[in-house]
**Q** 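Mind having a look at this structure? Questions to follow.
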2 protein chains.
Amino acid sequence: MRTEPVNGDTPALPRASAQPRYRAIYEALRQKIVSGEWPAGHRLPSEPELARTFGCARMTIGKALGALADQRLVTRRRRAGTTVSRPRPQESVLEIHDIEAELLAAGVRYAYRSLTRRVRRANAADAAALGVPPGTPVLALVGLHLADARPHALEERLINLEAVPEARTERFIGISPGRWLLQRIPWTEAEHQIGALSADATMARRLAIRRNTACLTIERNTWREEQRITHVRVIYPYDQHRLVARFRYRPL
Amino acid sequence: MRTEPVNGDTPALPRASAQPRYRAIYEALRQKIVSGEWPAGHRLPSEPELARTFGCARMTIGKALGALADQRLVTRRRRAGTTVSRPRPQESVLEIHDIEAELLAAGVRYAYRSLTRRVRRANAADAAALGVPPGTPVLALVGLHLADARPHALEERLINLEAVPEARTERFIGISPGRWLLQRIPWTEAEHQIGALSADATMARRLAIRRNTACLTIERNTWREEQRITHVRVIYPYDQHRLVARFRYRPL
DNA sequence: AATTATAATATGCCTAGACATATCGGGGAA
DNA sequence: TTCCCCGATATGTCTAGGCATATTATAATT
């Protein structure tokens, strides 16, 4: 297929084409699949065969097929070969962003206002939410994310002071606790729960909305290896905010 | 570092260890980062250096470093080298599953009940939701996802009949429209919006909940290449359902 | 001092060949 | 027939070496 030998015995791709070879192959194979020419269950040619067809080394084919497998477009099994997957399950991923970054990206003036701040030993509720033994020292924060000086989201946060002792004296002036934590602690695991609730009187007052307005809630737990770092619940008035995510086929 | 030569001149890893070498290297480097031994901004040794240290080929190191880069733990730039990234942004991904698969996984009896079904030419609202010109033939469906014979979620769906003409005569008995579509059409792109709303009278009746209950909504648009396939809005009573997602560091 | 060429360096991509491993099929033994 | 072993096959991983390209540091020039 390819017809441009170069110097040496292994032509190292003097391509005028801007994209690497494995990607061109990835695109070509992907096209066969999404066009329907290769339906679900169709078996692709073997790596050595494709290598002959495309005139490249087997490893290059392997890289392209590996990418297709990463995208779940094909399934690969030794001896059985590579087959087109069933249409992908109705399952996708939603990115959950840092509120501050999100607002800044939208060109809005962002601020965080701390409402309450308490250092205490974890009570039963704290212990359950944060997943630490009762009595563990925690920092409990409530604050407001402001967009152009208007309430945008309400945040209720617990920080495990055993994991982050520096937080005990931090005042969170001009920086949100989320940002502050991220500049210090890399998390290795996170759990999210998304739900809905009707605003109670306190939430309504703080967010400047009517009582019983339907709100979106996001709870997030983060770990660093085995240690719990923080638990946070963010409450968004539904009419001001929607989580949006778009998933196009990633061109690698 | 490695001390077991094999036959030939290129020992092809007769490892007793179950994991491939590039993964062991990935783990070793990752440990340095998440432990804090290599803080953000730290520059890693170059590929040739690491290859000497670990006693393997440069390509194997490249695979391990590439994996770290995929996980956003490091940043790689030519000539500049590989550096430890800033702690990852507060951003994550949430998996949105097929309702049916989700319920089955939870060991619950699942059923779909069709409530209304209309074939029509797209009115203004249809056209806006589905993103097709007004007048395009569409199939409008409303149905209920049942868990153990109790209402679990309400689904409002539009299907573009130009993209999926077979849907015109399909009755969706015993199979949900989502499932049915997925068995036919692979989608290549999807957009999700998550929001909250208060149940109106109709929703409340269909879902057997009280009016004004806060509900979670998920809207999803899917494309196949450039063509719109379907638009769906699913409404979950908040007290019956939460979206949960957990993200641990993926061991490759 | 500011700008521009140049060399060095680290990653990115590729090749050809090799051994490793899972698994599918078929043939032979119980 | 049923079970087990064994060869064939396709992918998984690895090596050693090479050219390509972006970027940075340095030297030369204006």
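Quick note on labels: first sequence line is chain A, next is B, and so on, each numbered from 1. A quick note: this is a predicted structure, and the numbers were derived from the prediction, not measured.
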**Q** Establish, with yes or no, whether the OP1 or OP2 oxygen of C:dC13 is under 4.0 angstrom from a side-chain nitrogen or oxygen of A:Tyr22.
**A**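 Indeed, a polar side-chain atom of A:Tyr22 lies that close.
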
**Q** Taking 4.0 Å as the cut-off, does a side-chain nitrogen or oxygen of B:Arg78 come that near to OP1 or OP2 on D:dT24?
**A**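 No, because none of the side-chain N or O atoms of B:Arg78 sits under 4.0 Å from OP1 or OP2 of D:dT24.
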
**Q** So how far is it from B:Ile33 CD1 to B:Glu37 CD, rounded to the nearest 0.5 Å?
**A**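 Nearest 0.5 Å value for the CD1-CD distance: 10.5 Å.
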
**Q** Taking atom types as modelled and ignoring hydrogens, do the side chains of B:Arg157 and B:Thr230 form a donor-acceptor contact shorter than 3.5 angstrom?
**A**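 A pair is found: one side chain offers a donor N or O, the other an acceptor, under 3.5 Å apart.
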
**Q** Counting side-chain heavy atoms from C-beta on, which of C:dT15, C:dG12, D:dG12 comes nearest to A:Cys56?
**A**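 Selected nucleotide: C:dT15.
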
**Q** Between D:dT23 atom P and B:Arg43 atom CZ, what is the distance in whole Å?
**A**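 That distance rounds to 14 Å.
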
**Q** Please state how far atom CG in A:Leu44 lies from atom P in D:dA10, giving the value in whole angstrom units.
**A**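 About 13 Å, once rounded to whole Å.
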
**Q** Does either side chain, that of B:Thr82 or that of B:Arg76, offer a donor lying less than 3.5 Å from an acceptor on the other one?
**A**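 The criterion, which ignores hydrogens and geometry beyond distance, is satisfied for B:Arg76 and B:Thr82.
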
**Q** Assign the ring pair B:Tyr236 / B:His152 to parallel, tilted or perpendicular, where the plane angle (0 to 90°) is split at 30° and 60°.
**A**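 Rings of B:Tyr236 and B:His152: perpendicular, as their planes differ by over 60°.
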
**Q** Counting side-chain heavy atoms from CB outward, which of D:dC14, D:dT21, D:dG12 is closest to B:Pro20?
**A**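 Nearest to the side-chain atoms of B:Pro20, counting from C-beta on, is D:dC14.
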
**Q** Mind calculating the distance between CD1 (B:Ile61) and C1' (D:dT15) to the nearest angstrom?
**A**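 It is 13 Å, rounded to the nearest whole Å.
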
**Q** What is the distance, to the nearest angstrom, from the CZ atom on A:Arg58 to the P atom on D:dT15?
**A**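 In whole Å, D:dT15 P and A:Arg58 CZ are 15 Å from each other.
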
**Q** With respect to the side chain of A:Thr60, which nucleotide from C:dT11, C:dG17, C:dC14 is positioned closest?
**A**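 Closest nucleotide among those given: C:dC14.
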
**Q** The side chain of B:Ala57 is closest to which nucleotide in this list: D:dT15, C:dT11, D:dT11?
**A**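 Side chain of B:Ala57 sits closest to D:dT15.
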
**Q** Measure CG/A:Leu50 against P/D:dA10 and give the value in whole Å, please.
**A**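 Rounded to the whole Å, the gap is 11 Å.
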
**Q** Without decimals, in angstroms, what is the distance between A:Phe54 CZ and C:dC14 P?
**A**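 Taking CZ of A:Phe54 and P of C:dC14, I get 13 Å after rounding.
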
**Q** In whole angstrom, what separates B:Gln19's CD from D:dT13's P?
**A**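 For the pair B:Gln19 CD and D:dT13 P, the rounded distance is 11 Å.
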
**Q** Below the 4.0 Å mark, does D:dT21 have OP1 or OP2 next to a side-chain nitrogen or oxygen of B:Arg79?
**A**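 So the side-chain polar atoms of B:Arg79 never come under 4.0 Å of the phosphate oxygens OP1 or OP2 of D:dT21.
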
**Q** Checking contacts here: which listed nucleotide (C:dC13, C:dT21, C:dC24) is nearest the side-chain heavy atoms of A:Arg77?
**A**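 In terms of side-chain proximity for A:Arg77, the closest of C:dC13, C:dT21, C:dC24 is C:dC24.
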
**Q** In whole Å, I'd like the distance from the CD atom of B:Glu47 to the P atom of D:dT15.
**A**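 Taking atom P of D:dT15 as the reference, CD of B:Glu47 is at 13 Å.
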
**Q** So which nucleotide from D:dC14, C:dC14, D:dT11 ends up closest to the side chain of A:Met59?
**A**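 So the side chain of A:Met59 is nearest to D:dC14.
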
**Q** Would you indicate, yes or no, if C:dG12 has its OP1 or OP2 atom less than 4.0 angstrom from a side-chain nitrogen or oxygen of A:Arg21?
**A**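 False: A:Arg21 side-chain N/O out of range (4.0 Å or more) of C:dG12 OP1/OP2.
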
**Q** Relative to each other, are the rings of A:Tyr110 and A:His145 parallel, tilted or perpendicular (30° and 60° limits)?
**A**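 The rings of A:Tyr110 and A:His145 sit tilted, inter-plane angle from 30° to 60°.
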
**Q** Side-chain N or O of A:Arg76 less than 4.0 angstrom from OP1 or OP2 on D:dG12?
**A**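 Yes, such a contact exists.
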
**Q** For B:Thr82 and C:dT11, is the shortest distance between a side-chain N/O and OP1 or OP2 below 4.0 Å?
**A**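 Answer is yes, contact under 4.0 Å.
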
